[in-house]
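Just so we're clear, the structure is a prediction, and the values are computed from it rather than from any experiment.
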Amino acid sequence: MSTGTISKQSDLTVDDITVIDNKLLKRAVSAAALGNTMEWFDFGVYSYLAVIIGQVFFPGASNTAQLIASFGTFAAAFLVRPIGGMVFGPLGDRFGRQKVLAFTMIIMSIGTFCIGLIPSYASIGIAAPILLLVARLVQGFSTGGEYGGAATFIAEYSTDKRRGFMGSFLEFGTLAGYLLGASLVTGMIALLPHQAMMDWGWRIPFFLAAPLGLFGLYIRLKLEETPAFKEHMDKREELEHNKPQLTLLQMLRVQSKPLLKCIGLVLLFNVSNYMLTAYMPSYLTGVLGMSELSGLMLVMVIMFIMMPLTLMWGHLTDRMGRKPVIGLGALGLILLAIPSYMLIGSGNMMLVFAGLAVLGLLHTCFSGTMPATLPALFVTDIRYSALAIGFNLSVSLFGGTTPLITAWLVDTTHNAMMPAYYMMGAGIVGLITVLTLSETARKPLKGSSPAVATKAEAHKLIDKLRKQRGRKVQQHKPA
């Protein structure tokens, strides 16, 4: 902390420090994480139903073409995510995080529910895949405002000392949603005849979006706005002459450095994420020749193990700092990606599991830290906008394309180790980015007052800041 920062903060009083209500914090974390759970529930459902969806909506194509068309429709949602970020981000910074997050929940639920309503190709012809594409674009548009808003909401509601742990519940929800969707589809495939799944069974998981969405909407509407945003609005109203709102292009120019850091971190985070969740099942079955059930079950078990590890890293990052944990994961990808894929490629089930476990453990270094790290890059008045834009640009360019690019590399080079090289490249970009970061653990968010859990903690913080300033003044006294 610089001398100037200490001098400024030493003038704070107890009333200037935000005391976070623990019950409100828990409700805020639950409400924000639920949206991520729903998004990844849909991701797990669609991924595991890809073959059936291809048969329902693209029946005239070959099996390979059906699968490509199914995943192509799924990937189309990534194209509009940056647009969603550009729309919902500024709205969240202007009107509040809570209102926009409630709206994105409504749109996301409608998009997912409507997929279950679409008639088959046999019923309405080419209109069926067109409607599927429209529904996916609606989902992608709403998702563009979801993650940035949810991460901002949790970060602004958390105390400075526990922001990492609270933020890790966002990714806990990601894993829970994916596992819930994948498990539901796997169970239905095991219980229902194939024709029943083709006729009506595949629709049921999408219909579940309605009650999930209504429940999430109810929780989000009951929430109050974040303390940091309310503080920002109060300060803005007190100014006699409000400074003009930055346009999108002005914000991109002024915030170019933190935006580039955000893109680099999200690249690291999402290449690791989509390699495990989207590409690994097809890699195990299509490239290595493992049975489909074995491949799917292995990935599901690894993700189940990753859930508590994500929370563990979130807790540890509040003690160790964000940079060491993210740096450890990035360095691990550089050093261990090739050994991990060698284990996976051995064909021995225990060794395959060990290789996947290493990759899963390294990914939790990012899933446990990014929800607290990314919002801390930006100041309060543009935090939602900048994070939504930076996150979704990186996801669209690097995260969502990971399965497609790695599959193309393996097919073109006939080298099954290409995914490992791709992950190493992400690790290098991530490690370089980490070296440019300032440590933000246990510190207030940019543009916000310190946030603590109790009044007693606020008094201790005031005393600590005054002592720090006293030592600084003493050191700078002339001899």
Side-chain angles (χ1 to χ4, degrees), residues 37-78 106-140 142-143 176-216 277-278 281-282 284-286 290-300 303 403:
T37 300
M38 186 174 164
E39 175 192 345
W40 281 82
F41 171 81
D42 168 66
F43 186 90
V45 165
Y46 200 105
S47 297
Y48 277 53
L49 283 174
V51 174
I52 292 175
I53 289 174
Q55 294 169 353
V56 171
F57 289 97
F58 310 98
S62 65
N63 291 340
T64 302
Q66 285 176 351
L67 192 60
I68 291 172
S70 180
F71 274 120
T73 306
F74 178 76
F78 288 94
I106 295 172
I107 299 177
M108 190 159 43
S109 302
I110 291 173
T112 304
F113 181 76
C114 285
I115 290 179
L117 295 175
I118 300 172
S120 66
Y121 186 94
S123 300
I124 60 172
I126 192 65
I130 291 175
L131 289 173
L132 177 64
L133 177 62
V134 170
R136 286 295 303 151
L137 293 177
V138 169
Q139 287 178 313
S142 65
T143 303
Y178 185 92
L179 276 174
L180 181 62
S183 301
L184 176 62
V185 172
T186 301
M188 290 181 66
I189 290 175
L191 294 174
L192 292 177
H194 179 71
Q195 192 57 46
M197 283 295 296
M198 288 280 294
D199 292 341
W200 54 268
W202 68 271
R203 301 178 185 274
I204 292 177
F206 294 107
F207 287 153
L208 291 178
L212 280 174
L214 288 174
F215 178 64
T277 58
S282 62
L284 293 174
T285 56
M290 189 178 293
S291 72
E292 186 174 4
L293 183 60
S294 297
L296 295 177
M297 290 302 295
L298 271 176
V299 173
M300 288 172 63
M303 294 188 72

*asked:* Strictly by side chain to side chain donor-acceptor pair (under 3.5 Å), give each pair with a member in residues 203-214 just once, sequence neighbours left out.
replied: none

Side-chain atoms of residues 177-186: list all donor-acceptor pairs with protein atoms under 3.5 Å, sequence neighbours left out, distances to 0.1 Å.
residue : atom : partner : partner atom : Å
Tyr178  : OH   : Thr277  : O            : 2.8
Ser183  : OG   : Leu179  : O            : 2.6
Thr186  : OG1  : Ala182  : O            : 2.8

*Enter the distance from Met188:CE to Ile204:CD1 here, rounded to the nearest 0.5 Å.*
4.0 Å

_For Gly116 versus Phe207, what's the shortest heavy-atom pair and its separation?_
O-CZ, 3.2 Å

_Single hit among Tyr121, Trp202, Tyr46 for ring-ring contact (aromatic ring centres under 6.0 Å, His included) with Phe57_ = Trp202

_Verdict with supporting geometry, Leu208 and Phe41, side chain to side chain contact (heavy atoms under 4.5 Å, CB included)_ = CA-CA 10 Å; Leu208 291 178; Phe41 171 81; 4.2 Å; yes

Cut-off 3.5 Å, no hydrogens considered: what does the side-chain donor-acceptor table look like for residues 125-139, sequence neighbours left out?
residue : atom : partner : partner atom : Å
Arg136  : NH1  : Asp42   : OD2          : 3.1
Arg136  : NH1  : Gln139  : OE1          : 2.4
Arg136  : NH2  : Phe74   : O            : 3.1
Gln139  : NE2  : Asp42   : OD1          : 3.3
Gln139  : NE2  : Asp42   : OD2          : 3.4
Gln139  : NE2  : Thr112  : OG1          : 2.7

*Side chain proximity check, Ser120 to Met198, heavy atoms < 4.5 angstrom*: no

*asked:* Within the 4.5 Å heavy-atom criterion, are His194 and Ile189 side-chain neighbours or not?
replied: no

*With a 4.5 Å limit on heavy-atom distance, are the side chains of Phe206 and Leu117 in contact?*
no

*What distance do Met197 atom CE and Ile52 atom CD1 have between them, rounded to the nearest 0.5 Å?*
4.0 Å

